[in-house]
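Quick note: numbers below take in every heavy atom, side chains included, and nothing from hydrogens, waters or symmetry partners. Read the numbers this way: they start at 1 and go in the same order the structure lists the ligands and their atoms.
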Amino acid sequence: MAECFLPTDEEILNATSVLVRACHGRAWNAGWYHDPATGEVIERNMGEIFALIHSEISEALEGHRKDLMDDKLPHRKMVPVELFDAAIRIFDTIGMYYPDDIPALLEKMLYNDQRADHKPENRLKVGGKKF
Ligand SMILES: [Mg+2]
């Protein structure tokens, strides 16, 4: 199996920071963290935020199940657009509530790289992860 070219750790950290700022900055500027009547900052409900992220994944599932084109970007398949909607919400949430944890994406990738249960030879064993 040919290796896929990977970005450097520094590139991953920089890209994560850019995506978090791009997603959270847009959400902030669009007013999603302010009361539209008073302009006061509101504390959003984390359960609601997780449900909204999940709703984007559900939309991707529906797009896959019906092989649909996206309704907002009709030149695109629905699956990637909805997966990116989920990513936008996730990066926004990290930017608002967990900005100090931006390096966690790279840290989790590096951790996953070392996981025995992610190694192809272990995935072939009885009880190994098939997908
Ligand atoms: Mg959506």
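Considering every non-hydrogen atom in both Glu121 and Lys125, the closest pair reads O-CG, 3.6 Å. Shortest non-hydrogen contact noted between Val20 and Gly95 is CG1-CA, 3.3 Å.
By the 30° and 60° cut-offs, the orientation of the rings of Tyr33 relative to His24 is perpendicular.
Between the NZ atom of Lys77 and the CD atom of Glu82 there is a distance of 13.5 Å, given to the nearest 0.5 Å.
Leu61 and Phe84 are assigned to two separate hydrophobic clusters, defined by single-linkage of ILVMFWY side chains at heavy-atom distances under 4.5 Å.
Within a radius of less than 2.8 Å around the Mg ion (ligand 1), the protein N, O or S atoms are Glu56 OE1, Glu59 OE1, Glu82 OE1, Asp85 OD2.
The pair Asp117-Lys129 counts as a salt bridge, with a side-chain nitrogen and a carboxylate oxygen less than 4.0 angstrom apart.
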